[in-house]
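Shown next, in structure tokens, is the structure this report addresses.
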There are 2 protein chains.
Amino acid sequence: MAVTIKDVARVAGVSASTVTRALTMPELVHPETRERVRRTAVTLGYHPNRAARGLITGRTGNIGLLVPDLGNPFFPSVVKGVQARAHEADYAVFLADTDEDATAEAGLVRRLSKQVDGIVLCSPRMPDEELRTLVADTPVVLVNRRIAKVPSVTPEFPDAMRQAVSHLTALGHRRIAYVAGPRSAWANRERLRSLRALTKDIELIEIGNVMPMFEGGVAAADQVLAADVTAVIGYNDLVALGLLNRFMARGVAVPGDISVLGFDDIALAAMVHPSLTTVALPKEQAGRAGVDLLLQLLTEPDRSTAARRELPAQLMVRGSTGPTPA
Amino acid sequence: MAVTIKDVARVAGVSASTVTRALTMPELVHPETRERVRRTAVTLGYHPNRAARGLITGRTGNIGLLVPDLGNPFFPSVVKGVQARAHEADYAVFLADTDEDATAEAGLVRRLSKQVDGIVLCSPRMPDEELRTLVADTPVVLVNRRIAKVPSVTPEFPDAMRQAVSHLTALGHRRIAYVAGPRSAWANRERLRSLRALTKDIELIEIGNVMPMFEGGVAAADQVLAADVTAVIGYNDLVALGLLNRFMARGVAVPGDISVLGFDDIALAAMVHPSLTTVALPKEQAGRAGVDLLLQLLTEPDRSTAARRELPAQLMVRGSTGPTPA
DNA sequence: TTGAAAGCGGTACCAC
DNA sequence: GTGGTACCGCTTTCAA
């Protein structure tokens, strides 16, 4: 069996209460006793059972994290950020991957909610109403999604899209395709919204929706070519890479015949050839910010206004975009 | 507050004990009562607090998972497998990313051990002795590492390497470089061991060690070229992709001037151009198997012999390998 | 078949 | 400054 507070108490010759105090409110106990208790705790290898503690304090020291698909490198990056920040604050992380299944999300949240102090929902796919009922029961922070009254971390999408489109128009492109991601993804809706707001400069062809994966891009590539555009923006980097791949297979030169632009800036984007021009979205940073907001929410639960963090995006110009073909 | 067993008991007009029984040992309670309890549990939205339950049963329903770096796509795949299998068995998963820091591993394990029934250690970097002391306290299953008396899931490395080398020798290569990964990685030691056992057919040039990342490959590329080999095996796909990248930058044709072969078969390997020949190692499958072994270990802790699962590997021949240059 | 009581490992509160 | 006691939410005897 593991060593419990009683073991420490017995060995140190004090009561359990004193052990607790010595360890968590040191100033309340006589320096001499405190030291003795602490030393025995160390020698015995005592670590308080957080589950038991949580039972009475109402604080578990754990946070939950839901992501749609670890197969998309975007999410592991966010997870890394969450992990890092959580550990700094001495929190442990429950992770759940929903496999892009919107209906599974709520169940997982409820399953987790008892064991965590709060949950970071990254790019949740569930509908707004469902999200809202969930938020009533559990402290939640959203990453990559925004909804009234819920703390959230999001990229500056309008600006991100402006950077992307400005880049393309500066290169002479006027007729541009957008390969849309999942309808249920808030990020997709936002990208589309930002994009549509920019149609005074460009003619926009919408294609999709596709799954936010390499295969989705491959699947959309031929439609893009048929649409007679000179540039295409993929929902994310994976989609853009799928486009790139299929274009190459069909002998279409990038950026000679068509320019390709992605979103996210996953590590992969810089590794391929031609390398992928993309808008870098905050990932680890978003994860860290999500945890920050959650901790803040736990500390002061009744702020009137939900914290909202918008993180900047940065266009990374690489090899997959170039001037309009003559 | 969340709904507790007492709420259910009160509303259903029974005692807490009966609620427990109705829910976990249904055959012990009168069908009528049972139904009533169950219905009220559902209407109230009652879910037992697993932490509280764990306190008394000694079972938390959670498992821990440690990985060295989520930035390497190999690990998210393993995580997905662990997740999937764990959820099937109604377990939740604590995840920790150690950032390739071997010294952090033990601490994380201990931090987690109280809250989980067992831990899956994926590619742990810590030394054998440390691992052994850890195993004494907590049920542990190893993925991608083997050590006496501890259940483990590993790829069939000797065979994996045999496939790789056979492929290269069939193409005429005789002088082959291996870019080694972290010394602390068991996988690296095994690959090296398997490789050295094959030197009757080939001349082996060892280069490295490098971090198991894209940058590691980039960094090793020039040494590889200086070594005057016709083929190079990277520690893993990321390293191989780094090699590919640097070769391209230096105008070295792949596979025209040199063949490149990786390990893992991360999704990325098929997306680049030239696509990467690699030995596909079990990833999600390994994760699932790891959980299976752990559950088995929890059920029958005192088997005399530790379960050991070896999963087959498969060479994926793609564009980055070709015949020896004439 | 059911309920009461004890206890899992801690912490909070109240005496002393 | 320290100890005793109750209690967090749940399961498990033990009796009835």
Side-chain angles (χ1 to χ4, degrees), chain A residues 1-38 40-41 44-62 90 92 110-117 137, chain B residues 1-38 40-41 44-62 90 92 110-117 137:
Chain A
M1 267 319 261
V3 7
T4 80
I5 198 171
K6 288 184 186 167
D7 299 322
V8 180
R10 187 167 28 74
V11 175
V14 294
S15 72
S17 330
T18 301
V19 176
T20 291
R21 281 190 217 103
L23 265 30
T24 64
M25 320 141 91
E27 68 285 358
L28 293 187
V29 14
H30 192 92
E32 207 168 283
T33 336
R34 188 203 308 156
E35 269 320 296
R36 185 156 35 94
V37 171
R38 287 187 149 172
T40 47
L44 265 50
Y46 169 72
H47 294 273
N49 180 326
R50 336 257 311 196
R53 170 188 290 173
L55 214 45
I56 183 139
T57 59
R59 286 292 187 97
T60 60
N62 301 327
D90 199 26
R110 264 184 277 270
R111 157 68 155 105
L112 248 48
S113 63
K114 290 292 211 317
Q115 304 198 69
V116 302
D117 296 334
D137 302 336
Chain B
M1 268 318 260
V3 9
T4 79
I5 199 171
K6 286 184 187 168
D7 299 321
V8 179
R10 189 166 27 74
V11 174
V14 295
S15 72
S17 334
T18 303
V19 175
T20 291
R21 284 190 211 105
L23 266 26
T24 63
M25 321 142 94
E27 67 286 358
L28 293 188
V29 17
H30 192 93
E32 210 168 280
T33 335
R34 186 202 311 157
E35 269 320 297
R36 185 155 37 91
V37 171
R38 287 186 150 174
T40 47
L44 266 49
Y46 169 70
H47 295 275
N49 180 325
R50 338 257 311 198
R53 170 187 290 173
L55 214 44
I56 181 145
T57 58
R59 286 293 187 97
T60 61
N62 301 328
D90 199 27
R110 264 185 277 271
R111 156 70 155 101
L112 248 48
S113 64
K114 289 290 210 323
Q115 304 198 68
V116 301
D117 296 334
D137 302 335

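Each chain gets a letter, A, B and so on, in the order its sequence line appears, and its residues count up from 1.
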Using a cut-off of strictly less than 4.0 Å between a heavy atom of the residue and any atom of DNA chain C, enumerate the qualifying residues of residues 19-27 of chain A by number.
->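 The stretch gives T20(A), R21(A) as the residues lying under 4.0 Å from the strand, ordered by number.
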May I ask you to list the residues of residues 45-55 of chain A, by number, that have any heavy atom positioned under 4.0 Å from an atom of DNA chain C?
->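 Heavy-atom cutoff 4.0 Å gives Y46(A), H47(A), P48(A), N49(A), A52(A), R53(A), L55(A).
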Find the distance [X]:[atom1] to [N]:[atom2] and express it as a whole number of Å.
X       : N       : atom1 : atom2 : answer
I56(B)  : dC8(D)  : CD1   : P     : 15 Å
E32(A)  : dT2(D)  : CD    : C1'   : 14 Å
K114(A) : dC8(D)  : NZ    : C1'   : 14 Å
L28(B)  : dT2(C)  : CG    : P     : 10 Å
R59(B)  : dC8(C)  : CZ    : C1'   : 16 Å
I5(B)   : dT12(D) : CD1   : P     : 11 Å
R10(B)  : dG9(D)  : CZ    : C1'   : 14 Å

From C-beta outward on [X], which listed nucleotide comes closest to its side chain: [options]?
X      : options                  : answer
A16(B) : dT11(D), dT2(D), dG3(C)  : dT11(D)
H30(A) : dT2(D), dA12(C), dC10(D) : dT2(D)
T4(B)  : dT2(C), dC7(D), dC10(D)  : dC10(D)

For [X] and [Y], which heavy atoms make the closest approach, and how far apart are they?
X      : Y       : value
D90(B) : R50(B)  : O-NH2, 3.2 Å
L44(B) : V3(B)   : O-CG1, 3.3 Å
A16(A) : A9(A)   : N-CB, 3.8 Å
G58(A) : D117(A) : O-OD1, 3.9 Å

Sole candidate of L23(B), V37(B), T40(B) that passes side chain to side chain contact (heavy atoms under 4.5 Å, CB included) when paired with Y46(B) |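 Running side chain to side chain contact (heavy atoms under 4.5 Å, CB included) over L23(B), V37(B), T40(B) with Y46(B) returns exactly one hit, L23(B).
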After noting the C-alpha distance and the side-chain angles of T20(A) and S17(A), does the key distance pass the side-chain hydrogen bond (donor to acceptor under 3.5 Å, both in side chains) rule?
-> CA-CA 5 Å; T20(A) 291; S17(A) 330; over 6 Å; no
I would like to know whether R53(B) and T24(B) meet side chain to side chain contact (heavy atoms under 4.5 Å, CB included); could you show each step before the answer?
-> CA-CA 12 Å; R53(B) 170 187 290 173; T24(B) 63; 4.1 Å; yes
NA contact type, S17(A), heavy-atom cut-off 4.0 Å: base, sugar-phosphate, or nothing?
->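 Base contact.
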Does OP1 or OP2 of [N] have a side-chain N or O of [X] closer than 4.0 Å?
X      : N      : value
T18(B) : dT1(C) : no
S15(A) : dG4(D) : no
K6(A)  : dC8(C) : yes

Count the heavy atoms of every other residue, nucleotide or ligand shown that sit under 6.0 Å from CD of E27(B), and state whether that count exceeds 12.
-> yes
Would you check if P26(B) and R38(B) make a side-chain contact, meaning some heavy-atom pair closer than 4.5 Å?
-> yes
Side chains of V14(B) and V19(B): does their closest heavy-atom pair fall under 4.5 Å?
->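 They are in side-chain contact.
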Taking for each residue the nucleotide of DNA chain C with the nearest heavy atom, is it R36(B) or T57(A) whose nucleotide lies nearer the 5' end?
-> R36(B)
Rounded to 10 degrees, the angle between the two terminal axes of the helix from dT1(C)-dA16(D) to dC16(C)-dG1(D), each from five pairs =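 Between the axes fitted at each end of the helix from dT1(C)-dA16(D) to dC16(C)-dG1(D) lies an angle of 50°.
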Derivation and outcome, side chain to side chain contact (heavy atoms under 4.5 Å, CB included), residues N49(B) and L55(A) = CA-CA 9 Å; N49(B) 180 325; L55(A) 214 45; 4.1 Å; yes
Checking T60(B) side chain against G54(B) main chain: does a donor-acceptor pair fall under 3.5 Å?
-> no
